[in-house]
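Below is one structure, written out as structure tokens, with a few remarks after it.
The figures here come from the full heavy-atom set of this structure, side chains too, leaving out hydrogens, waters and symmetry mates. In this text the structure is predicted, and so the values were computed from the model without any measurement. Lettering follows sequence order; numbering is per chain, from 1.
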Protein chains: 2
Amino acid sequence: MIEIDEMLSIRAAELYYEENKTQDEIGSILRLTRWKVGRLLAQAKANGFIRIEIVHPRARRLGMERRLVEATRLTDAIVVSTAGIQGDDELQARTAQAAADYLAGLRPVPRTLGISWGRTLHEVSLHLRAGWASGVNVVQINGGVSLNRRAGTAANTAVTIAEKASGTATLLPSPAILERLETKQAIAADRAVAAVLEMAAGASAYLFSAGQADENSALVDSGYLTAGQIADLVDKGAVGDVVGRYIDATGRIVDPELDQRTIGIDHDQLRKATRAIAVIAGPNKHAIARAVVTSGLCTTLVTDEDTARALLGPGE
Amino acid sequence: MIEIDEMLSIRAAELYYEENKTQDEIGSILRLTRWKVGRLLAQAKANGFIRIEIVHPRARRLGMERRLVEATRLTDAIVVSTAGIQGDDELQARTAQAAADYLAGLRPVPRTLGISWGRTLHEVSLHLRAGWASGVNVVQINGGVSLNRRAGTAANTAVTIAEKASGTATLLPSPAILERLETKQAIAADRAVAAVLEMAAGASAYLFSAGQADENSALVDSGYLTAGQIADLVDKGAVGDVVGRYIDATGRIVDPELDQRTIGIDHDQLRKATRAIAVIAGPNKHAIARAVVTSGLCTTLVTDEDTARALLGPGE
DNA sequence: AACGGCGTTGCTCATATGAGCAAGACGACC
DNA sequence: GGTCGTCTTGCTCATATGAGCAACGCCGTT
């Protein structure tokens, strides 16, 4: 009976969803009562034979968002749909757009917004609508491109976000990682730097991304780390970095010595924040996303469907 | 307005299709009347943002079948869904299953069924349900594997189909293509062969597949043609073969001399048949499928969604 | 053969939804 | 400013659909 009904339920589903027939009409075609047809359709749905997708760049997966919030200690999750997606760029764009939308919808509007830098954050800045807020002070939370390199994307990201909110940008005038601990301590103690770090520590919300631990990292491109150093970090269990600090799958700093030489707010400060928004998407960021979420580094995660599925574990 | 409404319609669709909320509930969430919500959903559908797929090996695309019948001179079309398909094998299996189902459902049940041979037809024979009919005489319509080669798939296909219908199989004891015209004429005139050809010509239905014109053809494997010969045929415009005879995109025999040396019923006989069922599926068979359909070689086409889409032309 | 459990069937009724329409809003043009 | 035409809105009403229930049939057990 199960076999026969399965075929029937497929025939019914074809007529119902493709041909837009009423259950009654289907009944007379298949020589069934309309109630039987209704039950067959319910069965087809329950068996997962009916797949409904919303194909749109702004489409989200509310069910997954809810399940993520339930299954983790996130207070909020934004999951963009991957339906009908073409390349990796499109995934990035969709995620960045969703992050921008979320940021623009934040209430209360953050007075001070701490941000990291990188490809993802930059993209978010581009997707923000001008006038998304009025008067937000955007402050960098980790060191990066040197001051004299004009129009570095890091600075650009902060400035763009601030401009679009008719606010001000406060840049962190410091490298990301120093070679000697003493230099780092000296820089961090410098008035100009210390003031920014203090402001960063007091931000009312944070927005940051995370990098996968591999040789394509922005930290390697910028010359702060070598591919060899990354390999060492991976050996020690590193899955990726958040604001320039590498963590393992449990969220622990993998190399405390290196961490000491890194400029910017530390992970404990992020963990204490009321609003820490992580934007992490893409097939190679599943591990770091999991580390960030499980170790409580963010309160909000903006991600894609596939990553969310990986976080929720199998069977989802 | 269009912009705003588009976003709203996506939000509404998420709540409706993913969260199973009623339009009324969605209305109070989005601060809209339930009629507005209904209109937004209709709009989302009309814009193609809602994609509903039936994910099942036996699922068909009734809409495409209808459009195919309207757009061509087919009397019947069976289009299997490619939703959720994994490999090429699965596509073959689905199509073969659909062909088997169609054959089993044919009314009136054919007294004599003419069949070709090949991978596709063999697969169809395997998917047929034992007892699909009672007492069908299955007759081969084109030459193939020699008699003395035991358990050739060609013979096997015919026998399996016949057995499952408690009928008899009549094999065509002849090669597919002869090297010399005289030999072909002699064989065709032979009592044993002529009798089978006559029976084939009088079949009440035909079931056959088609091959793409390339070096992987079964005719090359069997040694009837060389890769070089195929290349020549392609140069002359060949897109594929039906019952061993190569045609161009308009359905014309590309090499009459070769055709003369080919054993089996010819295309004119197929075109005169009341029931000629072609089973042609797969990404590389679009061209030959089009040639078969437009030149009226079959009355029924069993194919896959992608091939059907190619037949219907762009915008579909 | 009688009984009782279990799944299936066909129903009633409440609800959700779509069609169609009148009123209103808006903009263009006189 | 008035007026017309068009698009949008909120409605009424008919229809489609799902929930829940009683009757039924099918089996296995007593």
Side-chain angles (χ1 to χ4, degrees), chain A residues 1-56 58-67 81 83 129 131, chain B residues 1-56 58-67 81 83 129 131:
Chain A
M1 191 68 83
I2 289 166
E3 275 294 313
I4 302 159
D5 272 16
E6 184 166 315
M7 274 306 297
L8 268 181
S9 73
I10 295 302
R11 293 281 95 85
E14 287 163 356
L15 293 164
Y16 192 71
Y17 291 106
E18 289 209 47
E19 304 290 276
N20 296 315
K21 301 216 179 292
T22 72
Q23 299 186 4
D24 217 357
E25 289 174 305
I26 297 169
S28 58
I29 292 171
L30 300 180
R31 310 184 164 280
L32 300 166
T33 64
R34 70 190 175 83
W35 297 283
K36 179 74 181 170
V37 174
R39 283 177 184 126
L40 287 171
L41 289 172
Q43 209 180 302
K45 267 192 203 166
N47 286 329
F49 297 149
I50 313 298
R51 179 192 293 164
I52 302 185
E53 281 180 338
I54 303 170
V55 188
H56 191 278
R58 306 287 272 264
R60 282 163 48 190
R61 304 302 311 271
L62 302 183
M64 287 192 157
E65 297 180 354
R66 191 158 23 76
R67 271 170 286 167
S81 162
R129 170 179 58 82
Chain B
M1 190 69 81
I2 290 166
E3 276 294 311
I4 303 159
D5 271 16
E6 183 165 316
M7 274 304 297
L8 267 181
S9 72
I10 296 301
R11 292 280 94 85
E14 287 164 356
L15 293 164
Y16 192 71
Y17 291 106
E18 289 209 46
E19 303 290 275
N20 296 314
K21 301 213 178 293
T22 72
Q23 299 186 3
D24 217 358
E25 288 173 308
I26 297 170
S28 57
I29 292 172
L30 301 179
R31 312 184 159 278
L32 300 165
T33 63
R34 70 189 177 84
W35 296 284
K36 179 74 180 168
V37 174
R39 283 177 184 124
L40 286 172
L41 288 172
Q43 209 180 302
K45 266 192 204 166
N47 286 329
F49 297 149
I50 313 298
R51 181 192 294 164
I52 302 186
E53 281 179 338
I54 302 171
V55 188
H56 192 279
R58 307 286 273 262
R60 281 162 48 188
R61 304 302 312 271
L62 303 183
M64 287 193 156
E65 297 180 353
R66 190 158 23 75
R67 273 170 283 166
S81 161
R129 170 179 59 82

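The nearest whole Å value for the distance from the NZ atom in B:K36 to the C1' atom in D:dC7 is 11 Å. Following rounding to the nearest Å, B:K21 (NZ) and C:dT17 (C1') show an atom-to-atom distance of 18 Å. The distance from atom CZ of A:R34 to atom C1' of D:dT15 is 10 Å, rounded to the nearest whole Å. Atom CG of A:D5 and atom P of C:dT9 are 7 Å apart (whole Å). In this structure, B:W35 places its CH2 atom 13 Å from P of C:dA16, rounding to the nearest Å. Put simply, CG on A:L41 is 7 Å from P on D:dG18, counting in whole angstrom units. Between B:D24 atom CG and C:dT17 atom P there is a gap of 8 Å when expressed in whole angstrom units. Atom-to-atom, CG of A:L40 to C1' of D:dT17 comes out at 15 Å; the value is rounded to the nearest Å.
In terms of phosphate contacts, B:Y16 brings no side-chain nitrogen or oxygen within less than 4.0 Å of OP1 or OP2 of C:dA16. In terms of phosphate contacts, A:Q23 brings no side-chain nitrogen or oxygen within less than 4.0 Å of OP1 or OP2 of D:dT15.
One distance of note links CG of B:L62 with CD1 of B:I54; it measures 7.5 Å at 0.5 Å rounding.
Side-chain atoms of A:T33 lie closest to C:dG10 of the nucleotides C:dT17, D:dT17, C:dG10. Of the candidate nucleotides D:dT17, D:dG10, C:dC11, D:dG10 has the atom nearest to the side chain of B:R39.
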